[in-house]
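Here's the structure we're looking at; comments come further down.
Reckoned from all heavy atoms, side chains included, excluding hydrogens, waters and symmetry mates. Numbering of ligands and ligand atoms starts at 1, following listing order.
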Amino acid sequence: MTPVEPLAAGEHARRLAATRTEMERQDVDTLVVGPSTDLRYLTGFDVKPSERLTVLVLPRDGAPRLVMPEFELPTAAHLPDLVERVGWKDGEDASAVACGLFATGEGRPPRVAFSAQLHARFLVGLLDAGLRAELVDGDVVLAPVRVRKSPFELDALRRASGVADRVVEELAAHGFRGASERDVVRTIQELLAAHGNEPVGSGLAAFGENSASPHHHPSERILAAGDTVILDFGGASDGYRADLTRMFQFGEPDPEVRRVHAIVDEANQLAFEAVRPGVTAAEIDAVARRHIDDSGLGEHFTHRTGHGIGLDVHEPPYIVAGNTTALEPGMAFTIEPGVYFEGSFGVRVEDVFLVTDDGAERLNTSSHAIRVVD
Ligand code: ZN
Ligand code: ZN
């Protein structure tokens, strides 16, 4: 399999052009991107970071160049035509090679933006190689570009979420008797792969008291009668992530679990109904939070309402108090209110949504109902 993915015609050109427009707006002279989802987004090159320097150098007006170890050049043979490859040899000063490609600031120190996911050692290496620049967080340029999804990206997100929904239905029929949390996560990853999602991301299964920990790490805990179960997973399609959370119960749920679940589900629905262009991310968070507050459970809703989703499972826009980002068509994010009682149980209901011209499209169609399993 080639590490450079083929994309719809013109997709990379559009992304690079939008990035340049944003560099112009932010007065950034050069953007520097290491192995990361930012690099994958801009070039399709999906490579793991190593100790050897690989960076895309994108000057505002010049050609984008991928600086990388010369002996690895064949792995980037299928880069989009507009990206030039520049190899460096072991023993050479790779940082100096990269620095030579940066735009000058024309009478002032250049403003250079670094992708947030660039390893610190490479930034330090560039500074040691003599880079004199005003350093800028690359998200200033890349976040506003990546947050507006293209039709190609929206299709990939829809596909990924569709597979996650199918896996929920199959899990319900599966039965978990005698299984540990890790067993269930393994089953989830197998089912995701069987239906065509890349089984990326760790997946979460939390039984009984563990369901009160929102980011629980799956353990060898075996399912026991009466356990409330949170399953949170997704995988990816063409790199674009799914992320949903559904509730299961081993045996008939306690009425209190049903009551809390109904409140959390209503918060999810109310937040969904509030989504439309122009509404801020903070307002969506407030809608979900107000409902849970009014139900007397506010102190148990301990995290933000959601997060953007794309090539990263967590990316802008964050659906959180204080985020004044106005929603726009093409943005994608989760709504996932949750309520947790330490030592007892937790409830979360999560779907992915796309902002449309007049509201939102819910990508996850599987029922929110608690699934009783044995
Ligand atoms: Zn999730
Ligand atoms: Zn999530």
Side-chain angles (χ1 to χ4, degrees), residues 37 146-147 149 156-169 171 181-182 184-185 187-189 191-192 197-207 210-218 228-237 239-248 261 264-265 267-269 271-272 275 281 284-285 287-289 292 301-321 323 325 327 331-340 345-355 360-368 370-371:
T37 53
R146 285 183 54 176
V147 84
K149 267 65 180 179
L157 286 165
R158 285 191 188 99
R159 252 191 333 270
S161 280
V163 168
D165 280 322
R166 287 182 69 180
V167 170
V168 167
E169 302 305 355
L171 283 168
E181 292 171 340
R182 284 194 190 139
V184 172
V185 168
T187 302
I188 288 171
Q189 301 297 67
L191 290 172
L192 287 171
N197 267 12
E198 302 136 32
V200 295
S202 45
L204 182 155
F207 297 169
N210 291 341
S211 64
S213 170
H215 275 177
H216 175 65
H217 291 222
T228 296
V229 174
I230 288 184
L231 301 183
D232 182 349
F233 59 87
S237 183
Y240 286 82
R241 306 289 294 262
D243 187 12
L244 93 173
T245 306
R246 293 291 183 269
M247 301 301 305
F248 289 69
H261 176 264
V264 170
D265 190 28
N268 176 300
Q269 178 67 22
F272 161 48
V275 176
I284 302 305
D285 179 76
V287 167
R289 204 162 298 283
I292 291 175
F301 181 13
T302 48
H303 53 70
R304 66 191 176 206
T305 293
H307 52 82
I309 188 165
L311 286 173
D312 285 308
V313 69
H314 289 179
E315 60 176 54
Y318 295 101
I319 310 302
V320 64
N323 185 358
T325 303
L327 300 180
M331 288 184 177
F333 55 84
T334 68
I335 292 177
E336 50 180 304
V339 165
Y340 310 91
F345 73 95
V347 171
R348 181 165 67 249
V349 177
E350 174 179 29
D351 302 300
V352 174
F353 298 84
L354 305 180
V355 184
E361 173 186 343
R362 190 197 294 270
L363 297 198
N364 296 107
T365 53
S366 57
S367 159
H368 289 178
I370 300 174
R371 291 167 170 81

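Residues that satisfy the salt bridge (charged side-chain N to carboxylate O under 4.0 Å, His left out) test with Asp285, not counting sequence neighbours, are Arg289. Residues satisfying the salt bridge (charged side-chain N to carboxylate O under 4.0 Å, His left out) test with Arg159, not counting sequence neighbours, are Asp238. For Gln189, the side chain to side chain donor-acceptor pair (under 3.5 Å) criterion is met by no residue, not counting sequence neighbours.
Note on the Zn ion (ligand 2): protein N/O/S atoms under 2.8 Å are Asp243 OD2, His307 NE2, Glu336 OE2, Glu350 OE2.
Between His303 and Tyr340, the ring planes are tilted. Angles from 30° to 60° get that label.
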After noting the C-alpha distance and the side-chain angles of Ile284 and Leu327, does the key distance pass the side-chain contact (heavy atoms from CB on, under 4.5 Å) rule?
-> CA-CA 10 Å; Ile284 302 305; Leu327 300 180; 3.9 Å; yes

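Formation of a donor-acceptor pair under 3.5 Å by the Asn268 side chain with backbone atoms of Val349 is found in this model.
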